[in-house]
Amino acid sequence: NTTYVASYHAPNGRYAINRDYFNLSYTNGPLTALAESTGGNGVYGYGPSGTFPNGSYRATNYWVDVTFTTTTAPSATPTATTTPPTATFTPTNTPTNTPTNTNTPSPTPAQCPCSLWPNNPTPAVAANDDVGPLEIGVRFQSSINGYITGLRFYKGMGNSGTHTGHLWTDTGTLLATASDDGTIAL
């Protein structure tokens, strides 16, 4: 599975946190936020918008989320069907019964659109007292192919200004950028 980083720039800090959240991985549907032991999670980087967040401290969840969707990724589950035996006669008049099994795929509905976090998260700290500009995010993987169609985050009191969201490869290659007007939140 490919690992991605979803992040946003908090120009005035005051971001939501839960310390020690990523001591274990967290899975919701096909999405998994990775455990701290896989190279760090709950990532951050101090600086201007577009700073790749590659630092990690105490497996902190900064409540950054993605909206994930897929257009054709239903999994196929084989369903066994049996064709009744048929008698086939050969010139020696010896009957041969030949039952055959045929696997027919039954589509399993996709679980998406979906996201990492519930629609009503409750961070331990809604607005951390750090007021420096920084990029904060989450490292995640998907078990199925699909598309990231949005980014959201928990917006505590004082986390103001225009926020710019980023989608990165795990090594820091920028894949996508989007900005809001300061009103979007989780």
Indicate yes or no for a side-chain donor-acceptor contact from [X] to the backbone of [Y] under 3.5 Å, with no hydrogens or angles considered.
X	Y	answer
Glu135	Tyr44	no
Asp170	Thr3	no
Asn41	Arg139	yes
Asn23	Asp20	yes

Return the [atom1] to [atom2] distance between [X] and [Y], rounded to the nearest 0.5 Å.
X	Y	atom1	atom2	answer
Glu36	Phe22	CD	CZ	9.0 Å
Leu167	Thr173	CG	OG1	11.0 Å
Asn61	Ile17	CG	CD1	10.0 Å

Same cluster or not: [X] versus [Y], using hydrophobic residues (I, L, V, M, F, W, Y) connected whenever any side-chain heavy atoms lie under 4.5 Å apart?
X	Y	result
Tyr4	Tyr8	yes
Ile136	Leu174	no
Leu175	Val66	yes

Within a strict 4.5 Å, meaning less than it, do heavy atoms of the [X] and [Y] side chains meet?
X	Y	value
Phe140	Leu34	no
Ser49	Pro11	no
Leu134	Tyr15	yes
Pro133	Pro48	no
Lys155	Arg14	no
Ile148	Thr67	no
Val131	Asn12	no
Leu116	Asn28	no

Minimal non-hydrogen separation, [X] against [Y], with atom names:
X	Y	answer
Asn1	Ser143	ND2-CA, 4.2 Å
Thr169	Val5	O-CG2, 4.2 Å
Ser179	Thr162	CB-CG2, 4.5 Å
Trp117	Val64	NE1-O, 2.7 Å
Asn159	Ala10	OD1-CB, 4.0 Å
Leu24	Ala35	C-CB, 3.6 Å

Chi angles and distances behind the side-chain contact (heavy atoms from CB on, under 4.5 Å) call for Leu151, Asp65: CA-CA 6 Å; Leu151 186 140; Asp65 199 1; over 6 Å; no
Any side-chain donor near an acceptor of the partner, Arg152 and Ser115, under 3.5 Å: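 Note: Arg152 and Ser115 side chains meet the donor-acceptor criterion.
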Distance-only side-chain donor-acceptor flag, Gln141 / Thr32, under 3.5 Å: no
Derivation of the side-chain contact (heavy atoms from CB on, under 4.5 Å) call for Tyr147 and Thr70: CA-CA 6 Å; Tyr147 303 93; Thr70 178; 5.7 Å; no
Working for side-chain contact (heavy atoms from CB on, under 4.5 Å), residues Tyr46 and Thr51: CA-CA 7 Å; Tyr46 283 95; Thr51 299; over 6 Å; no
With Trp63, the ring-ring contact (aromatic ring centres under 6.0 Å, His included) member among Tyr21, Tyr154, Phe153: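 Option passing the ring-ring contact (aromatic ring centres under 6.0 Å, His included) with Trp63: Tyr21.
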Test side-chain contact (heavy atoms from CB on, under 4.5 Å) applied to Tyr62 and Asn18, step by step: CA-CA 7 Å; Tyr62 298 109; Asn18 276 58; over 6 Å; no
Parallel, tilted or perpendicular, as decided by the 30° and 60° cut-offs, for the rings of His166 and Trp168: tilted
